[in-house]
Amino acid sequence: MVTKIVEKAINEQIRKEEHSSRIYLSMASWSQVNGFQGAAEWLYAQADEERMHELKLIHYLNDRGGNAHLADLEKPATKFKSLLDVFQQVLKHEEYISVSINKVYAVSIKQNDYSTGNFLQWYITEQTEEESTVRAILDQIRLAGEEKGGLFHMDKELAAQAARKRASQLAAATPNAGN
Ligand code: OFO
């Protein structure tokens, strides 16, 4: 059983994960119409990942005797200055989500809810990985500068990363595949 305080904190995180998914979906759409096909694939895959993060929280909360519910969401941005701008905003958002996850973790520990703390460890590790991936992408976009060849190469790299993301999403959705 989760306390009302933990339930409230998880529901707030559910809202943020759903919002993250919409933010990345909007960025993906912008990338697609602005000629960055690889970045679009990366962001579409990221949007799906955020939805998976949301679902995982919903199932956890309901399984622990809480009640997961959805909230209103603000409209995501639809216009961006450049690919650099998009990924700068991705990093800013991921940093915000990391702080948020840490807060939910702190709430659960304060409530002596170690099961929730344990469950949230997965998110804490995931955030570290995501921040580091996005920092590396940003470094490469900065290196490419405004140079078309560099950005073209970067977009190809993002397409390759998106394909790996999709493969691991598929593996996670089909746990017995390959057995
Ligand atoms: Fe970084 O993505 Fe959800 O938690």
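What you see is a predicted model, and the numbers here were worked out from it, not measured in a lab.
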Heavy atoms, side chains only, cut-off 4.5 Å: are [X] and [Y] in contact?
| X | Y | result |
| --- | --- | --- |
| Arg142 | Leu84 | yes |
| Glu54 | Glu50 | no |
| Glu130 | Glu49 | yes |

Polar side-chain atom of [X] near backbone of [Y] as donor-acceptor pair, under 3.5 Å:
| X | Y | result |
| --- | --- | --- |
| Glu7 | Val2 | no |
| Thr128 | Ile124 | yes |
| Thr125 | Gln121 | yes |
| Ser20 | Lys16 | yes |
| His69 | Asn11 | no |
| Ser26 | Ala77 | yes |
| Tyr24 | Ala45 | no |
| Ser108 | Tyr105 | yes |

Any chance the side chains of [X] and [Y] put a donor and an acceptor closer than 3.5 Å?
| X | Y | answer |
| --- | --- | --- |
| Gln161 | Arg164 | no |
| Tyr123 | Gln13 | no |
| Ser98 | Glu131 | yes |
| Asp85 | Gln89 | yes |

Is it the case that one hydrophobic cluster holds both [X] and [Y], taking links as side-chain heavy atoms less than 4.5 Å apart, direct or via other members?
| X | Y | result |
| --- | --- | --- |
| Ile23 | Leu158 | yes |
| Trp42 | Ile97 | no |
| Leu83 | Tyr44 | no |
| Leu43 | Met52 | no |
| Leu143 | Leu138 | no |

Return the [atom1] to [atom2] distance between [X] and [Y], rounded to the nearest 0.5 Å.
| X | Y | atom1 | atom2 | value |
| --- | --- | --- | --- | --- |
| Ile141 | Gln88 | CD1 | CD | 8.5 Å |
| Tyr114 | Leu120 | OH | CG | 14.0 Å |
| Glu17 | Leu55 | CD | CG | 10.5 Å |
| Arg22 | Glu74 | CZ | CD | 9.0 Å |
| Ile137 | Phe87 | CD1 | CZ | 5.0 Å |

Looking at [Y] and [X], is there a salt bridge between them, counting it only when a charged N and a carboxylate O are closer than 4.0 Å?
| X | Y | answer |
| --- | --- | --- |
| Lys8 | Glu12 | no |
| Arg15 | Glu18 | no |
| Glu95 | Arg135 | yes |
| Lys165 | Asp48 | no |

* Nearest heavy atoms of Gln32 and Ala40, plus distance in Å -> N-CB, 3.7 Å
* To do: Verify the neighbour count for atom CZ of Arg51: are there more than 12 heavy atoms of other residues, nucleotides or ligands below 6.0 Å?
  => no
* Asked: Within a radius of less than 6.0 Å around CD1 of Ile5, do more than 12 heavy atoms belonging to other residues, nucleotides or ligands occur?
  ->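 No - once you tally the heavy atoms of other residues, nucleotides and ligands closer than 6.0 Å, there are 12 at most.
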* Asked: Any idea how His53 and Trp122 line up, ring-wise: parallel (<30°), tilted (30 to 60°), or perpendicular (>60°)?
  ->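 Perpendicular: the ring planes of His53 and Trp122 meet at over 60°.
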* Asked: Can Arg64 and Phe119 be said to form a side chain to side chain contact (heavy atoms under 4.5 Å, CB included), step by step?
  -> CA-CA 11 Å; Arg64 292 284 320 281; Phe119 167 77; over 6 Å; no
